[in-house]
Peer 1: 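Mind looking over this structure? Questions follow.
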Protein chains: 4
Amino acid sequence: MRTETARVGRPRSEQARSAVLHAVDDLLVEVGYAAMTMKGIAERAGVGRQTVYRWWSTKAEILFEASVIDARQELAVPVTGDALHDTTAYVDALIAFLSRSDAGAAYRALLGEAQHDRAVAELLAGTDVLGDSARAVLAAGRGDEGPSADVLDRATAALVGPVLYWVLSGRDANRLDARRIAGASLRELD
Amino acid sequence: MRTETARVGRPRSEQARSAVLHAVDDLLVEVGYAAMTMKGIAERAGVGRQTVYRWWSTKAEILFEASVIDARQELAVPVTGDALHDTTAYVDALIAFLSRSDAGAAYRALLGEAQHDRAVAELLAGTDVLGDSARAVLAAGRGDEGPSADVLDRATAALVGPVLYWVLSGRDANRLDARRIAGASLRELD
Amino acid sequence: MRTETARVGRPRSEQARSAVLHAVDDLLVEVGYAAMTMKGIAERAGVGRQTVYRWWSTKAEILFEASVIDARQELAVPVTGDALHDTTAYVDALIAFLSRSDAGAAYRALLGEAQHDRAVAELLAGTDVLGDSARAVLAAGRGDEGPSADVLDRATAALVGPVLYWVLSGRDANRLDARRIAGASLRELD
Amino acid sequence: MRTETARVGRPRSEQARSAVLHAVDDLLVEVGYAAMTMKGIAERAGVGRQTVYRWWSTKAEILFEASVIDARQELAVPVTGDALHDTTAYVDALIAFLSRSDAGAAYRALLGEAQHDRAVAELLAGTDVLGDSARAVLAAGRGDEGPSADVLDRATAALVGPVLYWVLSGRDANRLDARRIAGASLRELD
DNA sequence: CCATAAGCGAGACGGTACGTCACGTCTTTGG
DNA sequence: CCAAAGACGTGACGTACCGTCTCGCTTATGG
């Protein structure tokens with residue numbers, strides 16, 4: 001994605017940009033990640049193929065841009081001060097995100113692609129959607145002095161890991177016990 | 001994959017079968033999953049393209065067959081009777097498998113593909129390499145009366161999940177504390 | 001085609017032979033020459049593929065064997081002594097053969113194939129179905145002393161050529177005037 | 001073949017077009033019609049396979065386009081006013097075309113293919129290279145009032161047929177007597 | 001009367017062309 | 001200079017058929 005502001009010539013069409021992002025969202029739901037192609041995205045968006053390539057390199061990049069904002073919103077939970085309650089709410093949100101949300105489907109597709117494409121792996125590593133949101137909840141519950149980074153990472157893994165394993169391996173998300181996972185994670189903070 | 005025993009006609013060539021499986025193993029390491037093609041596999045194996053398609057539908061199927069045996073071996077740990085020790089050994093094996101082993105790279109590629117190909121998802125669901133091995137270790141540590149399936153699944157998620165999250169999100173596997181993860185998982189069994 | 005008599009071992013199956021010849025006849029009508037394959041012939045005949053290849057090299061060879069007898073029969077006309085009448089009858093038979101008969105369709109297919117396959121060309125040259133029949137009619141009309149080979153060939157070309165051109169170039173065979181062609185050919189004999 | 005003028009988008013590459021036509025010409029001579037493949041044509045022309053398929057459906061179509069202009073030139077003879085002389089010159093040209101010229105080899109291959117492919121038959125029927133040139137010569141020799149279409153067709157068959165039969169059945173073209181064939185054909189015009 | 005030999009149907013084998021699709025680039029017209 | 005349209009060279013897709021090669025079986029001859 002190019003970011004520097006163009007100074008001369010015709011400016012970038014905001015209409016084309018959002019048409020592409022919406023097309024990717026739609027196509028992910030309609031045909032799935034594997035069947036989604038740069039050609040198909042351009043046609044669906046009513047945009048030239050070159051215009052897509054001008055601003056994004058791969059379908060993963062577009063999908064990332066199209067879904068990361070939604071992802072962050074869906075994983076943000078209000079802070080009440082009750083750590084166990086907040087963390088449980090977060091796990092519920094995480095379960096909903098990974099197993100039911102469209103943005104979550106996009107995230108799973110990207111996480112999958114990252115396993116066989118280094119560029120996508122780096123794209124995801126740059127913005128750790130899951131980890132950042134989890135750390136935020138855990139840190140908020142601890143009040144003033146935050147736990148050390150190591151401890152926080154460990155608790156994050158204990159919080160996100162079980163849900164991720166459950167969903168990625170295709171199990172029924174309803175059988176997860178959010179409160180129990182939240183509790184086990186919080187115990188790692190001590 | 002066809003399994004029924006053929007009675008008439010030329011029998012299946014065991015040489016061709018193993019050449020394909022080895023080719024897939026090699027190519028995964030050399031070019032990666034994304035760049036691996038059915039055409040490339042056939043050529044590398046010195047085998048006709050039709051022969052590959054005759055016995056496997058997709059590269060994922062071949063890779064699965066080629067790596068599942070190695071995977072099981074690498075994830076099997078000896079039972080000593082000391083539950084914490086055995087479980088910690090398992091977590092170490094799991095970390096090595098997911099982050100360093102070739103079979104583990106194959107598994108990650110397949111798990112990734114499963115996120116955008118239902119057929120691969122079902123293939124992996126049919127043989128839950130990670131879950132089966134984890135459950136075996138946890139159940140062995142409990143002696144006679146095994147824990148309920150639900151409890152065992154929960155502990156399995158607590159055991160496998162953090163490691164999986166850590167590796168899939170590209171973090172340094174050396175920063176994982178195997179003993180701590182094992183302990184947290186065992187606590188779920190009570 | 002092999003002809004020498006086998007002395008030992010299982011003798012050639014006459015049933016397989018005729019099944020193949022009939023299959024070729026049928027397939028020519030049903031799917032046409034281009035879509036006729038050795039594989040298809042074997043399957044249609046209920047015969048192993050190797051059995052076909054054991055006795056014939058190409059579909060052209062099979063088709064030739066399957067149709068040459070019919071061709072000769074359809075192009076034989078009774079000799080009455082009236083040269084113009086007999087020759088006209090022959091032209092009528094030739095028109096029917098080339099434009100309506102199944103054996104004629106086989107001949108046209110083979111003649112076509114001969115234009116881009118030397119082996120088929122030699123096969124046809126070995127047994128000049130059209131020329132032989134035409135020369136027989138023309139020679140019969142001349143009584144005792146036959147015309148020279150050159151003259152006979154010229155008259156044959158004048159007899160067969162116009163019909164062949166007409167049919168091969170896809171024109172309506174009904175618009176041909178058999179008597180006139182016969183007359184012109186006979187004039188070449190003087 | 002598409003002919004309508006494209007208005008937007010990259011225009012058709014004339015270089016690719018002529019590279020394909022030349023490749024077909026060359027390959028026909030080098031490997032023959034049967035061994036000529038769409039793949040081989042594309043590779044020889046240094047052109048993408050899709051580009052070939054975009055403008056032509058079959059190798060016959062390409063060959064037709066590549067050879068019809070040459071064919072017409074080779075079969076055109078100057079009109080002197082002496083009908084027998086002109087017609088004899090035409091027969092000589094026809095003999096040379098069918099038995100020695102590259103364009104003639106292409107024509108024979110196409111005529112052969114037309115016998116087992118209806119599409120090719122229609123392609124040739126649309127532009128009757130042989131008949132058109134023959135009719136032109138015969139009509140020119142008759143002065144003002146042209147002969148009826150039927151009579152002209154009959155004379156054309158008498159002119160082209162014998163030569164065609166001779167060459168297609170693989171006989172030596174040198175043994176044809178052009179003047180005699182011309183004379184017999186002209187006699188059909190009365 | 002069994003050993004040897006060859007033909008049989010079936011079907012897998014290594015190849016290769018098929019026609020299609022998507023890739024990422026290039027070259028037009030037009031805003 | 002951007003955008004659309006669409007042709008370009010490249011190369012994998014999954015299929016079909018090529019001609020060959022095992023298989024187990026059948027059907028002959030001949031010691």
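All values derive from a computational prediction rather than experimental measurement. Letters A, B, ... mirror the listed sequences (proteins, then strands); counts begin at 1. All values below come from the heavy atoms of this structure, side chains included, with hydrogens, waters and symmetry mates left out.
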Peer 1: Between F/dC8 and D/Trp55, is there an OP1 or OP2 to side-chain N/O distance shorter than 4.0 Å?
Peer 2: yes

Peer 1: Can you list every salt bridge (Lys or Arg N to Asp or Glu O under 4.0 Å) pair that touches residues 33-52 of chain B, not counting sequence neighbours?
Peer 2: B/Asp26-B/Arg44, B/Glu30-B/Arg44, B/Lys39-B/Glu43

Peer 1: Dot-bracket for DNA chain E: what is it, with Watson-Crick or G-U pairs under 3.5 Å, [ ] where a pair crosses earlier ones, and | for a pair to another strand?
Peer 2: |||||||||||||||||||||||||||||||

Peer 1: Write down the atom of C/Leu28, the atom of C/Ala105, and the distance for their closest heavy-atom approach.
Peer 2: CD2-C, 4.0 Å

Peer 1: Can you give me the N/O atom pairs linking the protein to nucleotides 12-14 of chain F at distances under 3.5 Å, or say none if there are none?
Peer 2:
residue, atom, partner, partner atom, Å
F/dA12, OP2, B/Lys39, NZ, 3.3
F/dC13, OP1, B/Met38, N, 2.9
F/dC13, OP2, B/Met38, N, 3.4
F/dC13, OP2, B/Lys39, N, 2.9
F/dG14, OP2, B/Tyr53, OH, 2.5
F/dG14, N7, B/Arg49, NH1, 3.1
F/dG14, O6, B/Arg49, NH2, 2.7

Peer 1: Can you sort out the partners of A/Gln115 under side chain to side chain contact (heavy atoms under 4.5 Å, CB included), two or more places apart, ordered by chain and number?
Peer 2: A/Leu111, B/Arg108, B/Leu168

Peer 1: Closer to the 5' end of DNA chain E via nearest nucleotide, is it B/Gly48 or C/Ala16?
Peer 2: C/Ala16

Peer 1: Can you sort out the partners of C/Ala19 under side chain to side chain contact (heavy atoms under 4.5 Å, CB included), two or more places apart, ordered by chain and number?
Peer 2: C/Ala45

Peer 1: Among B/Ile69, B/Ile41, B/Ile62, which one satisfies side chain to side chain contact (heavy atoms under 4.5 Å, CB included) with B/Leu21?
Peer 2: B/Ile62

Peer 1: Could you tell me whether the phosphate oxygens of E/dG9, OP1 or OP2, come under 4.0 Å of any side-chain nitrogen or oxygen in C/Thr51?
Peer 2: yes

Peer 1: Please give me the minimum heavy-atom distance between C/Glu61 and C/Trp56, naming the atom from each residue.
Peer 2: OE1-CA, 3.4 Å

Peer 1: For residues 8-32 of chain D, which residue pairs pass the ring pair (Phe, Tyr, Trp, His ring centres under 6.0 Å) check, not counting sequence neighbours?
Peer 2: none

Peer 1: Quick one: side chain to side chain contact (heavy atoms under 4.5 Å, CB included) partners of C/Asp25, sequence neighbours excluded?
Peer 2: C/Ala66

Peer 1: What pairs with B/Ala121 under side chain to side chain contact (heavy atoms under 4.5 Å, CB included), at least two apart in sequence or on another chain?
Peer 2: B/Ala114

Peer 1: Restricting to salt bridge (Lys or Arg N to Asp or Glu O under 4.0 Å), what partner residues turn up for B/Arg17, sequence neighbours left out?
Peer 2: B/Glu14, B/Glu65

Peer 1: Where along nucleotides 22-31 of chain F does protein come under 4.0 Å, by heavy atom, of base (B) or sugar-phosphate alone (S), with - for untouched nucleotides?
Peer 2: BB--BBSS--

Peer 1: Side chain of B/Val47, heavy atoms from C-beta onward: which of E/dC13, E/dG7, E/dG14 has the nearest atom to it?
Peer 2: E/dG14

